[in-house]
Amino acid sequence: MNVHDSEKVIGTLMDKGYGQVETPEEADLVLYNTCSIRDKAEQKVFSRLQEFKRHNKGKTFGVLGCVAQQEGERIFEKAPHVSLVCGSASYNHLPQLLVQLETGNRRVTGLSLDTEDTFDTPMTRRDNPHRAYITIIEGCDKACAYCVVPYTRGPERSRASESVLAEARQLAELGYSEIQLLGQNVNSYRDPSAAAFTFAQLLDAVGRVPGIRRVRFTTSHPRDFGKDIIDAMDENPNLCNQVHLPVQSGSNHVLAAMQRLYTREDYMRRIEWMKNSRRNIAITTDIIVGFPGESERDFDQTLALLEEVEYDSIFSFKYSPRPNTPALGLDDHIPDGEKGRRLTILQEKQRGIQLRRNAEYIGNIEEVMVEGFNKATGQWIGRTSQHKTLNFTTAQPAGQPLTGTYLSVRVLRAGPNSLVGEAV
Ligand code: SAH
Ligand code: SF4
């Protein structure tokens, strides 16, 4: 989401006549987009800002994104060389903020979360010419006890279905064949227009735009995940075989303390829909270990859930206390060493599951979208519908313009993180 926000910011500024340069050294204006989902990401921001300062005297610096929204004017105290601070809900005001700087203001901010219009800019400077992101919903109305997103990205607001579809058609005309729909919780989507599309209907409609061959979506919230999404995937071959459904924990006690609004049983019902689908759906998730009060038994239930679902991959994190969040006030915070121990055990277990899951693909012929060529290994890099990396060789000479095309590849070997094969 942050990558795509940056694309939109760059597009908006280029439309106003700004030019993009390759390195911060060449720039007169440096805008640094930031993440505050975990403390480590946030700390990195301030050390990077110090580095910028040392190497880039006489430039204008701005901080964007969630750290900007969260810290606001405090950033000017911590990093006095910064003169612009702007959260994601105010990016459409960036051109005016920059004019204010140019006309002599020393410090400007865009921190309002009072967002009538979504950041719905047609000006996007995309780096990849084949796969593109489209934002369909911004912000979040949930209140998970550990999470800063509702405070940094503001309330949920959906984009009109026609606007989404117009962007998809425009991308198809430009030669894009893959689209990824984005939102904190894409499946909480509520069409504000008279068309009143559900998320599943919107997904299906994007998958039917002529020229679009692949559609993905992230992230889905389990509470709002309806069976109609799986039904749409069953019906529409252009919807990719991939669902990212963050569970966070396998323990009902921890899920309740997290205020996730579903139980393990609710979650498993959704997994069953996917397993019963005609499609071979790759399922991925996010997990937090060491949430306050997580006992050894709770943690064991998360390990058991990994086995039960057999995820294709997971993103796993140590619980990180965040400013303003309710979890800060909970008792029984877990020591960092113990969080680290649990994370290692979890990741080891998942590695075994991934080896097993990926081995099931050996012998299959999979369609890949070619993403590039790896000179070091002499292999092409492909991506399957399940979003797995499938590195492959082909009889065609290297240097052929294969990137962005679709090929059939036989899977010959499998590792925990990728597959290896040859084009057929
Ligand atoms: N809206 C999505 C997730 C967005 S944040 C959802 O509800 O599933 C992405 C991931 O970051 C979360 O799924 C969670 O696993 C992780 N995360 C968020 N806050 C965190 C925190 N305080 N500590 C550790 N991990 C966190
Ligand atoms: Fe954060 Fe929960 Fe909203 Fe996801 S649903 S962004 S974890 S508050």
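Both counts, for ligands and for their atoms, begin at 1 and track the order of listing. As the structure is a computational prediction, the values presented were derived from the model and not from experiment.
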Ligand-side contact atoms (ligand 1) for residue partner [X], heavy atom cut-off under 4.0 Å:
{"X": "Thr219", "answer": "2 (C), 8 (O)"}
{"X": "Asn185", "answer": "1 (N), 2 (C), 6 (C), 7 (O)"}
{"X": "Arg38", "answer": "11 (O), 16 (C), 17 (N), 23 (N), 24 (C), 25 (N), 26 (C)"}
{"X": "Lys318", "answer": "23 (N), 24 (C)"}
{"X": "His221", "answer": "7 (O)"}
{"X": "Arg322", "answer": "22 (N)"}

[X] to [Y] six-membered ring, cation-pi geometry met (6.0 Å, 45°):
{"X": "Arg213", "Y": "Tyr406", "value": "yes"}
{"X": "Arg126", "Y": "Tyr133", "value": "no"}
{"X": "Lys8", "Y": "Tyr91", "value": "no"}

Flag the pair [X] and [Y] as a salt bridge only when some basic side-chain nitrogen lies within less than 4.0 angstrom of an acidic carboxylate oxygen.
{"X": "Glu308", "Y": "Arg264", "result": "yes"}
{"X": "Glu294", "Y": "Arg342", "result": "yes"}
{"X": "Glu178", "Y": "Arg216", "result": "yes"}
{"X": "Arg383", "Y": "Glu367", "result": "no"}
{"X": "Arg157", "Y": "Asp141", "result": "no"}
{"X": "Arg269", "Y": "Asp266", "result": "yes"}
{"X": "Glu371", "Y": "Arg131", "result": "yes"}
{"X": "Arg208", "Y": "Glu235", "result": "no"}
{"X": "Lys349", "Y": "Glu307", "result": "yes"}
{"X": "Lys227", "Y": "Asp234", "result": "no"}

Option nearest [atom] (shortest heavy-atom distance, choices [options]):
{"atom": "atom 7 (O) of ligand 1", "options": "Arg260, Met1, Gln184", "value": "Arg260"}
{"atom": "atom 15 (O) of ligand 1", "options": "Lys339, Gln248, Arg223, Met258", "value": "Gln248"}
{"atom": "atom 12 (C) of ligand 1", "options": "Asp39, Asp286, Thr285", "value": "Asp286"}

Between Asn185 and ligand 2, which residue portion shows a heavy-atom distance shorter than 4.0 Å: side chain, backbone, both, or neither?
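The side chain, only.
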Where on Pro246 is there a heavy atom closer than 4.0 Å to ligand 2, on the side chain, on the backbone, on both, or on neither?
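Neither part.
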Report yes or no: does Val149 have a heavy atom closer than 4.0 Å to ligand 1?
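Heavy atoms of Val149 never come under 4.0 Å of ligand 1.
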Does Arg260 reach ligand 2, in the sense of a heavy atom lying below 4.0 Å from it?
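Yes, Arg260 has a heavy atom closer than 4.0 Å to ligand 2.
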What orientation do Phe291 and Tyr319 show, parallel under 30°, tilted 30 to 60°, or perpendicular over 60°?
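Ring orientation of Phe291 relative to Tyr319: perpendicular.
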Report the relative orientation of the aromatic rings in Phe52 and Phe61; use parallel for angles under 30°, tilted for 30 to 60°, perpendicular for over 60°.
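Ring orientation, 0 to 90° scale: parallel.
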Closest protein heavy atom (residue, atom, distance) for [atom]:
{"atom": "atom 5 (S) of ligand 1", "answer": "Ile37 CD1, 3.6 Å"}
{"atom": "atom 3 (Fe) of ligand 2", "answer": "Cys140 SG, 2.3 Å"}
{"atom": "atom 21 (C) of ligand 1", "answer": "Ser320 O, 3.6 Å"}
{"atom": "atom 19 (N) of ligand 1", "answer": "Tyr146 CD1, 3.3 Å"}
{"atom": "atom 7 (S) of ligand 2", "answer": "Tyr146 OH, 3.3 Å"}
{"atom": "atom 1 (Fe) of ligand 2", "answer": "Cys147 SG, 2.3 Å"}

Show the atoms of ligand 2 that are less than 4.0 angstrom away from any heavy atom in [X].
{"X": "His221", "result": "5 (S)"}
{"X": "Pro150", "result": "8 (S)"}
{"X": "Gln184", "result": "6 (S)"}
{"X": "Lys142", "result": "3 (Fe), 5 (S)"}

Indicate if the distance from atom 2 (Fe) of ligand 2 to the nearest N, O or S atom of Cys144 falls below 2.8 Å.
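Yes, within the cut-off.
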Below a 4.0 angstrom heavy-atom separation, can you tell me which part of Ile288, side chain or backbone, both or neither, approaches ligand 1?
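Contact part for Ile288 vs ligand 1: side chain (C-beta onward).
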